[in-house]
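See below for the structure under consideration.
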Amino acid sequence: MTNEPIAGFQPQAYEPELARQWAARPLAASPAPGAPKYYLLEMLPYPSGALHMGHVRNYAIGDAVARFLRMRGCDVLHPMGWDAFGLPAENAAIQHRTHPRPWTLANIANMKAQMRRFGFSYDWSREVTTCLPEYYRWNQWFFLRMFERGLAYRKKGWVNWCPRCATVLANEQVAGGVCWRHEDTPVEQRELEQWYFRITRYAEELLRDLDRLSGWPERVTTMQRNWIGRSEGAALEFELEKREDRPALSLGRLRVFTTRIDTVFGVSAVLLAPQHPLLSELLNETERAQTRALIPARGETAETEKLGFDTGWRARNPFSRESVPVWVANFVLMNYGSGAVMAVPAHDQRDYEFCKKYQLPVRPVIAPGGVAPDLSRQAYTGEGELINSAAYNGLPCREAMASMIRWAEQQNAGQGTVTYRLQDWGVSRQRYWGTPIPMIYCPGCGVVPVPDKDLPVRLPEDVPVSSGGVANLAAIESFIQVACPKCGAAARRETDTMDTFVDSSWYFYRYLDPDNGEAPFAKSIAHRWMPVDQYIGGIEHAILHLIYSRFFTKVMRDLGLVENDEPIARLFTQGMITKSGAKMSKSKGNVVDPAALIERYGADATRAYVLFAAPPEKDFDWNDQGVEGLHRFLGRVYRLAMRHPPLTRLHAGAPSTAASPAEDRLLRKTHVALRRITREMESRWHFNTCLAAAMELVNVFYELEPELERGGITEAVWDDCQRLLLLMLAPFTPFLVEEIRRIWAERAPAGAVWSGEVQRQNWPEFSPEWAREEEIELVVQVNGKLRARLRASASASEEELRALALADPKIQALLAGAQPAKTVVIPGRLVNIVLRQGARA
RNA sequence: GCCCGGGUGGCGAAACUGGUAGACGCACGGGACUUAAAAUCCCGAGUCCGGCGACGGACGUGCCGGUUCGAGUCCGGCCCCGGGCACCA
């Protein structure tokens, strides 16, 4: 039984119905002519089955901003889509014996329904699903364009292989020697033929343009800078000495890369990576087996013992003409520089450890301050003057480097070069659920691209699913067999699919023109909307996704498809939500389920709590009771509104004077809150303080309610302030404000309530007059210590404030007749009376 | 090891440019309403010391020092926590 005349606060009673209405009648862009465009993008989710709290946070942030900007009159583009290819669908297929496609599509339907239930205001007419041929055919199209320009190529090389994924991984997907999806699975090295994107062609530009990304968090640009890892140095050629016991070599030189050419007179050996291609020529089968054992199998680190193998070959130092041994060493990386280095034990710690172990000579060639360094314990890696370096003796390092590079170039023994840590992007995956690579192998013509007219190369649907997994494309004969597009002979299709990071590298362009059947998108539309004004997502994509997306944009620009050099103007990286201090995960059993929260507290309270708990860039720990607090707050707003539907007509602008102190207080508090929220939304997005301001205002409404009933506040002022409260809450709790408006519209007189949804109103301007305090609390300090608080007019002059402070009896007593050495007056804030310099009370 | 963040009540936090430390909320305690409970509404609260008491005093933003009339905020040094990278020659 209920004794309330009006129904209590029950979000369940109205949120689902409003969500339905919004689905049918979206807040689609109907901007005023000339409205500024704003492309607001949130990272699209992988359709794993249901939203998790990380999604809710990401999308609650984005939606608050979208709603605010729309009310501000912007033409907001706010799309959503699905990153729908990838391995989990195959794993689920194994578990449930279902095909990845229905599993994925069912997940999408469920998550989309959840998003609607949360009230996220996406423009679903632009929805993109990457596993559909309408989307992935453009992946293939881009692949072909890149192939034409030499940006997609095939090579045999050492690659990262995850035994759990049963596929190859890009370098970017291997962290610390383990798979990014299977942190307990060491990655193996295998030599395979793979497709690559030549991202290194853009390394320099990708690095340089980081300086222009002023709207990105510095730590993200720093991570990318380190990832690209540009280093300047020199490539040097060491001539291999002939050996009587071995056949002559096809190429008698070894190329090394060094950033310290100044130490070249200290070389004790040349070290090759165990995978170095020349080893097949230099070594016999027994020897090669020994070097193969040196290939780092798992995540080896700087702490791993350094091991080597003396090949018996010797090479000649181009500068000193000295003959040094050629070793294979486990710590030399094949995929950096040339896979060979010169070992200078005196001036490189790794070489020092290696040479000490194998008793190779350690000879200093750099002397800091002219004094030979102490090498008894470790290498000296700093700068200094050259010694033991023939004609270069006495030169400082930097001068020596320049002069040595010049000499090497003249002698045709090397040249100055720039090397990058960044590798070409390996995009081949030996999996089913991905974009087929549109290539054909013809016995006569070789590698032949699929002609554009034959796109998309469709993923075959009727594939066997067994407990062992989804059949690899290589096992599906009907897919493989194809006529060569050039000569018509029987040929075979490429059976690798593309890395799913290809999908997410350009999806935000497809939103702009999702139904285009002729091109990935129309250039004119991209010109209008790009770059993305604001991108919001997790920090975990700081490198992979965001560097690939930048690469794609530069390629698209060079293809003439777009005019922008960079895809994203501003980036916001949200913090993580943890539970009991740990990352939420099913295996830990500490997952907070958004669906359960909706059920219990509704969408508004859940969204509002996520925004209230902490500033959005910070991590925060989930607290169940926190949601209840927000639920209570929304109930307070609701009940207040139910008790006081507006009675007076809507009108613009605030009154110029207040009829009573109570009215004065309400008007000030309202405009102070409005100012705080407006300023936050325009700057740093600390939504927690926005909601705090609204809570303070609601507390004042409650405090002044008796005053309204007593007639101490006019209805017009009360109504204005309450309507402003709804408007300022609209970005955060869209259901609540709309439900209140709906009920008001039924009960209030004509013209007292907006005829359209709250969301479609203009964002109100705060009144600077009312937002400014009139009376302040003046703090009086003596020697910097707070001694009194006084009321004072906000417009009082320095002199008036000083006099006021000195006149206070408490201050008089403290001064005891002494003459202040100095008084500091900060108008509107405080007076500090200094008795003597440096005095500490 | 290197590069970023970050340390403020019992907890999440606020203080945006050096000017009242702890707004707002959670948890807690007290009261009103109720037969009772829930819900709701109101009040209290950094810590310590003194006082029956309105109140007064001292201390207080990781630690040590500095600049300043005044430091959570600026500078120097250190400690701790989190994240990223990690044999890149």
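Residue numbers begin at 1 in each chain, while the letters A, B, ... track the order of the sequences.
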Query raised in the report: B/C87 C1' sits how many Å from A/Leu272 CG, rounded?
Result: 16 Å
Query raised in the report: To the nearest angstrom, how far is A/Lys785 atom NZ from B/U68 atom P?
Result: 19 Å
Query raised in the report: What interatomic distance, in whole Å, is found between C1' of B/U67 and the corresponding atom of B/C28?
Result: 42 Å
Query - C1' atoms of B/G60 and B/A71, separation to the nearest Å - result: 14 Å
**Report entry** Span that lies between the C1' atom of B/G25 and that of B/A14, in whole angstrom
**Finding:** 11 Å
Requested in this report: Between A/Glu703 and A/Met342, just flag the one whose closest nucleotide in RNA chain B comes earlier from the 5' side.
Outcome: A/Glu703
Query raised in the report: Less than 4.5 Å apart, any side-chain heavy atom of A/Gln574 and any of A/Ile61?
Result: yes
Query raised in the report: Considering only B/G25, B/G57, B/A86, which nucleotide approaches the side chain of A/Arg787 most closely?
Result: B/G57
Query - Same-atom distance (P) from B/A21 to B/A58, integer angstrom - result: 13 Å
Requested in this report: Take atom CD of A/Glu353 and atom P of B/C87, then tell me their distance rounded to the nearest Å.
Outcome: 13 Å
**Report entry** Glycosidic class, syn or anti, of B/G10 using a 90° window around 0
**Finding:** anti
**Report entry** C1' atoms of B/A15 and B/A23, separation to the nearest Å
**Finding:** 8 Å
Requested in this report: Could you tell me whether the side chain of A/His347 and the main chain of A/Ala379 form a donor-acceptor pair under 3.5 Å?
Outcome: no
**Report entry** Aromatic plane relationship, A/His541 with A/His545 - under 30° parallel, 30 to 60° tilted, over 60° perpendicular
**Finding:** perpendicular
Report task. Could you measure between the two C1' atoms, the one in B/C87 and the one in B/G77, and give it in whole Å? Result -> 32 Å
Report task. Output the distance between atom CH2 (A/Trp685) and atom CG (A/Leu611), rounded to the nearest 0.5 Å. Result -> 11.5 Å
Query raised in the report: With rounding to whole Å, what would you report as the distance between B/G72 and B/C63 at their P atoms?
Result: 11 Å
Nucleotide N/O of nucleotides 14-16 of chain B paired with protein N/O under 3.5 Å:
{"from": "B/A14", "atom 1": "OP1", "to": "A/Asn688", "atom 2": "ND2", "distance (Å)": "3.0"}
{"from": "B/A15", "atom 1": "OP1", "to": "A/Arg684", "atom 2": "NH2", "distance (Å)": "2.6"}

**Report entry** Atom pair NE2/CD1 of A/His686 and A/Ile677 - distance to nearest 0.5 Å
**Finding:** 15.0 Å
Query raised in the report: Touch check for A/Gln625, heavy atoms < 4.0 angstrom, all strands: base, sugar-phosphate only, or nothing?
Result: sugar-phosphate
Query raised in the report: If you look at every strand shown and take non-hydrogen atoms under 4.0 Å, does A/Asp619 touch a base, only sugar-phosphate, or nothing?
Result: sugar-phosphate
Requested in this report: For A/Leu333, answer base if it contacts any base atom (sugar-phosphate contacts may also be present), sugar-phosphate if it contacts only those atoms, and nothing otherwise; contact means non-hydrogen atoms under 4.0 Å.
Outcome: base
Requested in this report: Could you give the distance separating B/G22 and B/U47 at their C1' atoms, to the nearest angstrom?
Outcome: 13 Å
Query raised in the report: Over how many whole Å does the gap from A/Arg57 atom CZ to B/G12 atom P extend?
Result: 14 Å
Report summary line: Residues passing the ring pair (Phe, Tyr, Trp, His ring centres under 6.0 Å) test with A/His631, sequence neighbours excluded, are A/Phe9, A/Tyr601
Report task. Measure from NZ or CZ of A/Lys306 to the centre of the six-membered ring of A/Phe331, then state whether that distance is under 6.0 Å and the direction lies within 45° of the axis. Result -> yes
